[in-house]
**Q** 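I have a structure I would like to understand better, so I am pasting it below and will then ask my questions one at a time.
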Amino acid sequence: MLLSLRNVRKSYTTAEGRLEILKGIDLDLDGGESVALTGESGSGKSTLLHLVAGLDHADAGEIVSSGRSLATLDDRRRAEYRRTAVGLVFQHFNLIPSLDVGANISFHAKLAGRHDPAWERELVELLGVETLLARYPEQLSGGQQQRVAIGRTLAAKPPLVLADEPTGNLDEATGDIVLNIMLSLTKSTGAALLLVTHSTRLAQMLDRSVHLRGGRIA
Ligand SMILES: Nc1ncnc2c1ncn2[C@@H]1O[C@H](COP(=O)(O)OP(=O)(O)OP(=O)(O)O)[C@@H](O)[C@H]1O
Ligand SMILES: [Mg+2]
């Protein structure tokens, strides 16, 4: 099992008191599997992705990802986990504005110590961004920016890709193209994909769907 969550809980303390968001999540992903995570707004989808990404800590339960039990990692190992074991794609593309497309694509791979120019050239071709390499993010359309963001994530060949509504900012046709590229690229690298979407239509393009409701996976 590449990713396994057992009885994962998370609450936030706010002015209104304690909000229990995740009340015991169990979820397993095999290597290479693509899973859609659906659920109403506020149900905790992004919260769950942040926990798996190692960006936040669960209150209780266990998350094991690529053989690491996240709660047991010290800061250095947690940083290493984030750099090498997970790749993130968000709704807002989060490209680095001061770097051109080519440098954006190799940025994470270099940080992860996995810069592979041949793989990056292949990615650039598969993503159809060959002619855009010298441009800066602000000079790209939304769909182009998202393709670059996917390239940047996959250049480092993470075993697990976490995507939070990656096509939420795109029109339907562009969103479909981007999702198809992401599915075929994760399949070709053997990466597992956990993708948040509001669209049941998009969810059906993945291997499997899980639904978050009332703090649990239904
Ligand atoms: N840092 C925080 N402090 C307090 N409450 C938070 C925090 N982050 C999220 N929440 C609350 O936790 C709940 C779950 O938020 P989350 O962002 O995970 O939902 P979501 O399912 O991703 O929603 P959406 O589909 O709108 O993106 C919401 O009620 C939100 O207001
Ligand atoms: Mg969200």
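All residue numbers refer to positions in the sequence shown, counting from 1. Note that ligands are numbered from 1 as they come in the structure, with each ligand's atoms numbered from 1 the same way. It should be emphasised that the depicted structure is a prediction, and the values quoted were computed from it without experimental measurement.
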**Q** For atom 12 (O) of ligand 1, what is the nearest protein heavy atom, given as residue, atom name and distance?
**A** Ile21 CD1, 3.3 Å
**Q** Are Leu193 and Ile217 connected in the hydrophobic side-chain network, where two residues link if heavy atoms are under 4.5 Å apart?
**A**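 No, because Leu193 and Ile217 fall into different hydrophobic clusters, even though each may have its own neighbours under 4.5 Å.
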**Q** Is the backbone N or O of Leu51 less than 3.5 Å from a side-chain atom of Asp56, with the two atoms forming a donor-acceptor pair by type?
**A**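 Not confirmed, Asp56 side chain does not pair with Leu51 backbone.
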**Q** State the atoms of ligand 1, each with its element, that fall below the 4.0 Å cut-off from a heavy-atom position in Glu40.
**A**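 Reading through ligand 1 atom by atom, the close ones are 21 (O).
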**Q** Taking only heavy atoms of Thr14 into account, list the atoms of ligand 1 that are under 4.0 Å away from them.
**A** 4 (C), 5 (N)
**Q** Looking at His198, which atoms of ligand 1 are within less than 4.0 Å of one of its heavy atoms?
**A** 25 (O)
**Q** Any heavy atom of Gly44 sitting closer than 4.0 Å to ligand 1?
**A**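 Gly44 counts as a contact of ligand 1 under the 4.0 Å cut-off.
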**Q** Is there a donor in the side chain of Ser11 and an acceptor in the side chain of Arg18, or the other way round, less than 3.5 Å apart?
**A** yes
**Q** For atom 31 (O) of ligand 1, decide whether some protein heavy-atom distance is shorter than 4.0 Å.
**A**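 Flag for atom 31 (O) of ligand 1 set to false, no protein heavy atom closer than 4.0 Å.
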**Q** Does Asp207 reach the main-chain N or O of Glu33 with its side chain, forming a donor-acceptor pair under 3.5 Å?
**A** no
**Q** Verify, without hydrogens or angle tests, whether Asp26 (side chain) and Asn7 (backbone) share a donor-acceptor contact under 3.5 angstrom.
**A** yes
**Q** How far is atom 26 (O) of ligand 1 from its nearest protein heavy atom, and which residue and atom is that?
**A** Ser41 OG, 2.6 Å
**Q** Tell me whether Leu140 shares a hydrophobic cluster with Leu123, the cluster being built from Ile, Leu, Val, Met, Phe, Trp, Tyr side chains joined at under 4.5 Å.
**A**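 Same cluster.
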**Q** Are Asp28 and Arg6 ion-paired here, with the side-chain N under 4.0 Å from a carboxylate O?
**A** yes
**Q** At what distance is the nearest protein heavy atom to atom 6 (C) of ligand 1, and which residue and atom is it?
**A** Tyr12 CD1, 3.2 Å
**Q** Regarding ligand 1, does Thr13 bring an N or O atom to under 3.5 Å of one of the ligand's N or O atoms?
**A**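 Not met; the criterion fails.
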**Q** Can you see which heavy atom on Arg147 is nearest to which on Val178, and at what distance?
**A** CG-CG2, 4.0 Å
**Q** Counting only N and O atoms by type, is there a donor-acceptor contact under 3.5 Å from the side chain of Glu125 to the main-chain atoms of Glu122?
**A** no
**Q** Please list, in number order, the atoms of ligand 1 under 4.0 Å from a heavy atom of Thr47.
**A**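 Here the atoms of ligand 1 in question are 14 (C), 15 (O), 16 (P), 18 (O).
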**Q** Can you tell me if, anywhere in Ser46, an N/O/S atom lies at a distance from the Mg ion (ligand 2) that is smaller than 2.8 Å?
**A** yes
**Q** Looking at atom 17 (O) of ligand 1, what's its closest protein heavy atom, distance included?
**A** Ser46 CB, 3.7 Å
**Q** Among all protein heavy atoms, pick the one closest to atom 25 (O) of ligand 1 and tell me residue, atom and distance.
**A**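 Protein heavy atom with the smallest distance to atom 25 (O) of ligand 1: Lys45 NZ, 2.7 Å.
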**Q** Atom 29 (O) of ligand 1: which protein heavy atom is closest, and how many Å away?
**A** Gly42 O, 4.0 Å
